[in-house]
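First up is the structure itself, then whatever we jot down about it.
Scope of the values below: all heavy atoms of this structure, side chains included, with no hydrogens, waters or symmetry mates. Below, chain A is the first sequence line, B the second, and so on; all start at residue 1.
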Number of protein chains: 2
Amino acid sequence: MTAAAANQSGRRTTHARRTERAGIRDVAAAAGVSITTVSDALNGKGRLPDETRSKVREVAERLGYRPSAAARTLRTGRSGLIGLTVTTYGQEPFTFTEFAYFAEMARAATSAALTRGYALVVLPATSRHDVWSNVALDGTVVIDPADHDPMVAELYRQGLPVVSDGKPGNCPVTAWVDNDHASAVLEILDHLAEAGARRIGLLTGTSTDTYTRLSTEAYLGWCRRVGQEPLYEAYPAHDPCAGAVAADRLLARPDRPDAVYGLFDPNGTDLLAAARRYALRVPEDLLLVCCSESDVYASTEPPITTLSLQPQRIGTTVVNLLIDAIEGIGSFTENPEGQLMPTELIVRRSSQRRPPRTTVSAPRVPGEV
Amino acid sequence: MTAAAANQSGRRTTHARRTERAGIRDVAAAAGVSITTVSDALNGKGRLPDETRSKVREVAERLGYRPSAAARTLRTGRSGLIGLTVTTYGQEPFTFTEFAYFAEMARAATSAALTRGYALVVLPATSRHDVWSNVALDGTVVIDPADHDPMVAELYRQGLPVVSDGKPGNCPVTAWVDNDHASAVLEILDHLAEAGARRIGLLTGTSTDTYTRLSTEAYLGWCRRVGQEPLYEAYPAHDPCAGAVAADRLLARPDRPDAVYGLFDPNGTDLLAAARRYALRVPEDLLLVCCSESDVYASTEPPITTLSLQPQRIGTTVVNLLIDAIEGIGSFTENPEGQLMPTELIVRRSSQRRPPRTTVSAPRVPGEV
DNA sequence: ATGAAAGCGCTAACAC
DNA sequence: GTGTTAGCGCTTTCAT
């Protein structure tokens, strides 16, 4: 045993081993090497003979040694943690996963982070300040930042990379990713018009996030262009009851639309229920499209056409951009890189006046099995 | 300026200020106090005059000082981070939020953690080992641990508190929470029998988790008791397509059930679709109940009776138990505390042969508005 | 090829 | 009341 090892273990014992877990010094002492060698052996660094390396590994294993993440973080300045900040709607406590979009996006983001060796922490923008300051982040994903988002500004000041889901209004993000919401809406409106709609209504939200704003603007622009009177109802998107009421109101109007596009997830079922109340057949009397990530719409009666924003893709991309920024040495550009991701229109019966010929086999009935 | 301050700032400058951010020493120097005073002032500790306290706060604010979470964690042994481990089903990459149950549970857990000043990290049990060892956790919530779960054993060895969602088979958890799955199933079967069902079928899973096992056993026991031939189809619960097929198969049997309980979320819509294919009216020809947290079943045609496992409640409870264990000084008991949480049966039309009198107003029709 | 020593930035014990 | 000092457990530079 070297003098150093004796010294170290001596110090340990005098402190009456207040920690149960083995530390790097214990491993070094047990293996008869220095802590440097242990560190290098375990991290695959330095130029040690394979013999030493495996010896150290074996001893570490035997002692059940687990390096301290805290110490490593302090020393290297990297925590391996990235934040996911969800803008909470209204005064709701925490609406994460309220919409399937967030749930899917968060899942993909978590998954992508893990693949690259990072863990992901969900931290609502409105969290207690002490929570934010208590967790060491290497960077943050921000969903739909506000125009002059103070939190993004603060993160920027701290020198942390920030990537946003949703084109940022006026804040210093490293990169951003978004759908082309305007195009998506126009595609849907054209699709409905082609299916015979003459008066297309919109179920939209009252909040001012980019998605709602861009989509509504695109709708209004389209109406202006084709000379249709806008027919829409807006409601606070975070309130599911309000959504059902708004759907009902839209179909109760004297100038009732013959097609509706709903911007939020549960609008499809709400509109379907409302249509039933007014004895409107879908798609004969009313064409329906809804923006949603849920596959329940594949088996409603009738199945409802949906627009998917592909949150998995966005979540994955956003995280990878962030980790690139973290690992790439200061790729801070004054003008952030932005990229638009495609959406996917899944056409089902609710938006087609006459069902197209498909290759799908006819529904089985008993006896035909 | 004290000698110490001069010395500190001197050291800083010689290092050519490699960090941009202000440290505690900078604040101390600028405020003309020692770093201890800064620490105490900012953390509300020690016995400082309010004057000093506010002075330090002001200086810290002016300098944009943010304490280093990494250093604090290393020093105090507390990271303020708790893990949420999701058992992934089969070979699927990461099924978190696949079922609304997980999504809801995770949301509630995150929220509860934040309320108590902790952040939550989602870490699948199968994550790369380096991710696990890279994040300093104060404790972990484990969803549905396996019988002799190696991960739980490892966490226990590390001295970390573990609380499980789902009664643990044989592993050392600090506490656990679960629903009374057996009772819930019996309640549903009785409910269906009361509504006139003579042959109740079950849509169940092939995996061996506690939920599936207990529920299926309860069903089989009930059948034995009332003398009904068991009628069930099992499928890998993580595969939505398999669910639709299994639903179809169950209704295609020559000994077709006149009521079905589905253990997993999308079974309701699948069964409804299958019923339509076989021209079965719900609830007249087929009674339906499904275990789900989704409210789409309130507006299907007909609305479907669901069993809610109350994941929000479970998520909240589990996190609070964990944080209690973290903050309470070693409340490790040999026999972990377990508690059963109630489930909620939400009765809708799909499980009632004749609709009960309700106080709900009749659906509005145009003109009545 | 290996080891000694210097901190990372903070908190807490103790001295004044 | 306030300051000095000793580490928390690692990684890394530099010397050998």
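- In this structure, the CG atom of B/Asn134 is 14 Å from the C1' atom of D/dG9, given to the nearest Å.
- Not one N or O on the side chain of A/Asn134 forms a donor-acceptor pair closer than 3.5 Å with the backbone of A/Val131.
- Using a 4.0 Å heavy-atom distance criterion, B/Asn43 is classed as a sugar-phosphate-only contact.
- A salt bridge is defined here as a Lys NZ or Arg NE, NH1 or NH2 lying under 4.0 Å from an Asp or Glu carboxylate O, and A/Lys55 with A/Glu58 fails to meet this definition.
- Remark: the backbone N or O of B/Lys45 is not paired with any side-chain donor or acceptor of B/Asp40 at under 3.5 angstrom.
- Nearest nucleotide to the side chain of B/Thr37, out of D/dT12, C/dG9, D/dG3: D/dG3.
- The separation between A/Asp26 atom CG and D/dG9 atom P is 10 Å, rounded to whole Å.
- Two residues, B/Thr76 and B/Asp40, neighbour DNA chain D, and the one matched to the more 5' nucleotide by heavy-atom proximity is B/Asp40.
- For C/dA4, the OP1/OP2 oxygens have no side-chain nitrogen or oxygen of A/Ser34 closer than 4.0 Å.
- Each of B/Leu74 and B/Thr52 lies near DNA chain D, and the nucleotide nearest B/Thr52 is the one positioned closer to the 5' end.
- Counting only heavy atoms from C-beta on, B/Leu48 has its side chain closest to D/dG1 among D/dC8, D/dT12, D/dG1.
- Atom OG1 of residue A/Thr317 and atom CD of residue A/Gln339 lie 6.0 Å apart, to the nearest 0.5 angstrom.
- Nearest to the side chain of B/Ile24, among C/dT11, C/dG3, D/dG9, sits C/dT11.
- With rounding to whole Å, A/Leu42 atom CG is found 14 Å from D/dT12 atom P.
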Before giving the answer on side chain to side chain donor-acceptor pair (under 3.5 Å), spell out for A/Ser39 and A/Thr36 the whole-Å C-alpha distance, their side-chain angles and the decisive distance to 0.1 Å. CA-CA 5 Å; A/Ser39 177; A/Thr36 309; over 6 Å; no
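- Within 4.0 Å of B/Thr73, counting heavy atoms only, lies no atom of the nucleic acid at all.
- Residue A/Arg72 places its side chain closer to D/dC10 than to any other of D/dG3, D/dT12, D/dC10.
- Distance from the side chain of B/Pro67 is smallest for C/dC10 among the nucleotides D/dC10, C/dC10, D/dT11.
- As a whole-Å value, the separation of A/Lys55 NZ from C/dT2 C1' is 15 Å.
- The separation between B/Tyr65 atom OH and C/dG9 atom C1' is 7 Å, rounded to whole Å.
- Distances from the side chain of B/Arg75 to the nucleotides D/dC10, C/dT2, D/dC8 place D/dC8 closest.
- Within 3.5 Å, no donor on the side chain of B/Thr36 pairs with an acceptor on the base of C/dT11, nor the reverse.
- Computed from coordinates, the B/Ile35 CD1 to D/dG3 P distance equals 11 Å when rounded to whole Å.
- Distances shorter than 4.0 Å separate none of the side-chain N or O atoms of A/Lys45 from OP1 or OP2 on D/dT11.
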